[in-house]
2 protein chains.
Amino acid sequence: MAAMGRPREFDAETALDQAMEVFWRHGYEGATIAQLTEAMGINPPSLYACFGNKEGLLKAALDRYTKLRGVWMDEVVAAPTARDVAERMLMGIADKQTDPANPPGCLLVQGGIACGTGSENVPFELAARRSQNEDQLRDRFIRAKAEGDLKPASDPAALARYVSAVAVGMGVMASSGADREALRQVASVAVQAIEAQSGKFPPSRP
Amino acid sequence: MAAMGRPREFDAETALDQAMEVFWRHGYEGATIAQLTEAMGINPPSLYACFGNKEGLLKAALDRYTKLRGVWMDEVVAAPTARDVAERMLMGIADKQTDPANPPGCLLVQGGIACGTGSENVPFELAARRSQNEDQLRDRFIRAKAEGDLKPASDPAALARYVSAVAVGMGVMASSGADREALRQVASVAVQAIEAQSGKFPPSRP
DNA sequence: CCACATCTGTAGTGAACACTACATATCTGG
DNA sequence: CCAGATATGTAGTGTTCACTACAGATGTGG
């Protein structure tokens, strides 16, 4: 019934990857539309037509980031024990956050911990995504406890929060120049707290 | 030999406390001169005459912050064992970062993890202050190891980095709404990694 | 080929920003 | 009381920001 109009000349996902990198490196407030459009290879009107506004672009970038991380997290929670889950996650983070292919640290931290007037919900947006990871981890630890892999007295939610906190702390350290070896040491120590809750206990009945 | 001029009508330390709170809540880039001057109860020319520029004001606020934290850290490292040092520090942080008298989280994190063009050295400035804490912790753990309080095979620098990372992670969680109990649980789990390195070993000879 | 719809590039818009010129006010030293 | 020095309040400065008006380009359906 209606004509379809001129088709878009850029690939949205590719452009989003470039935007993600800019937000990752400079944070939400530190990233300017000029930097974003240049990295994406488009002009401002194309950006606004496609993503609404700067915050919409951030959300799209966060969606893409968490989607990519999601497949990795699935591998993480596939580890056989709670201890191995923690180790695989934290060691993997040590590597990922110092991978020269990406900006250092984690977009969910670098994106914006504190923001000014007009961007107050950006930190909430990031926190919500982080808590998704934490929930996934918690569910895995609940299972580990049921399987007798964690102490009956252990608190899966607290353990997940702990691993999450360590991951965030590592992200901040990575962004301020910590090298891979330093982060691996942190991960190695951190895993010992999970080890202290681990063992082989009679599984709770199904 | 020269006249002294009109005396300043505000107290620099009091004004700095107010500025500190604004940076703490909104971050370096999110805090505007208008917000700062209003909180400090002065006008822009007074601010610039006294602190040079916005970054100078931040540095002064950081100095004040770390000075106040310094006396607390002295109490922390005065704990008798490495494990107690870690517990006192992380539990204290859980309380401090959720103290309604201050903005949530930690100024050394909230201040600015990622910044835009023209403020690139702000994150470095914060990282430098954080590493002061880490160094103090490391020195204390070196002593603990010498006293036979930590395993001979333990790495004090790695342990200090670990505690530091947990503290930063807790700060981020606090700023995104985690309550005191949640942070205490994180601290409680985190201490167990230090416990795993603790015991009573023959002290190395003086 | 034409009406219509959507994209693209140029060139801006008003608003908010960090910062400051300037006149005035308040001190000290002589 | 006067000269020099520094602080203060008013009222801006130029710059940069997110965002957009508009005209031309490129597609689809009839």
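Each chain gets a letter, A, B and so on, in the order the sequences are listed, and its residues count up from 1.
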[N] [atom2] sits how many Å from [X] [atom1], rounded?
| X | N | atom1 | atom2 | result |
| --- | --- | --- | --- | --- |
| N43(B) | dT24(C) | CG | P | 17 Å |
| I42(B) | dA7(D) | CD1 | C1' | 11 Å |
| R8(A) | dT26(D) | CZ | P | 17 Å |
| Q35(B) | dA16(C) | CD | C1' | 12 Å |
| L47(B) | dT10(D) | CG | C1' | 16 Å |
| F10(B) | dT6(D) | CZ | C1' | 12 Å |
| M40(B) | dA7(D) | CE | P | 14 Å |

- Query: With respect to the side chain of P45(B), which nucleotide from dA7(D), dA21(C), dT8(C) is positioned closest?
  - Reply: dA21(C)
- Task: Give the nucleotide from the list dT10(C), dT28(C), dT8(D) with an atom nearest to the side chain of M4(B).
- Result: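 Nearest listed nucleotide: dT28(C).
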- Message: Show every salt bridge (charged side-chain N to carboxylate O under 4.0 Å, His left out) that has at least one partner inside residues 144-164 of chain A, sequence neighbours left out.
- Response: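 Every pair satisfying salt bridge (charged side-chain N to carboxylate O under 4.0 Å, His left out) with a residue in residues 144-164 of chain A: R143(A)-E147(A).
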- Message: Per the salt bridge (charged side-chain N to carboxylate O under 4.0 Å, His left out) rule, what does the pair list look like for residues 21-38 of chain A, sequence neighbours excluded?
- Response: E21(A)-R25(A)
- Note on the structure: What residues 118-125 of chain B contributes to the DNA chain C interface at heavy-atom separation below 4.0 Å is none
- Should S46(A) be listed as having a side-chain N or O under 4.0 Å from OP1 or OP2 of dT8(C)?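 Yes.
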- State which residues pass side chain to side chain donor-acceptor pair (under 3.5 Å) with E9(A); sequence neighbours excluded, sorted by chain then number. R6(A)
- Task: Working to the nearest 0.5 Å, report the span between CG of L107(A) and OG of S175(A).
- Result: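 So the CG of L107(A) and the OG of S175(A) are separated by 12.0 Å.
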- Item | Pairs flagged by ring pair (Phe, Tyr, Trp, His ring centres under 6.0 Å) wherever residues 140-183 of chain B is involved - sequence neighbours left out | none
- Query: Which pairs count as ring pair (Phe, Tyr, Trp, His ring centres under 6.0 Å) when at least one residue sits in residues 33-68 of chain A, sequence neighbours excluded?
  - Reply: W24(A)-Y65(A)
- Record whether the side chain of R6(B) comes under 3.5 Å of the base of dA25(C) through a donor-acceptor pair of N or O atoms. yes
- Considering residues at least two apart in sequence or located in another chain, which fulfil the side-chain contact (heavy atoms from CB on, under 4.5 Å) criterion with A79(A)? D84(A), V85(A), R88(A)
- Query: Which part of the nucleic acid does P7(A) contact within heavy-atom distance under 4.0 Å: base, sugar-phosphate only, or nothing?
  - Reply: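 Sugar-phosphate contact only.
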- Determine, for R130(B) against E134(B), whether the closest basic-nitrogen to carboxylate-oxygen distance falls under 4.0 angstrom. no
All N/O contacts under 3.5 Å from nucleotides 15-19 of chain D to the protein, with atom names and distances to one decimal?
residue : atom : partner : partner atom : Å
dA18(D) : OP1  : A31(A)  : O            : 3.1
dA18(D) : OP1  : K54(A)  : NZ           : 2.8
dA18(D) : OP2  : I33(A)  : N            : 2.8
dC19(D) : OP2  : Y48(A)  : OH           : 3.0
dC19(D) : OP2  : K54(A)  : N            : 3.0
dC19(D) : O5'  : Y48(A)  : OH           : 3.4

- Could you tell me which residues satisfy ring pair (Phe, Tyr, Trp, His ring centres under 6.0 Å) with Y28(A), sequence neighbours excluded, listed by chain and number? F23(A)
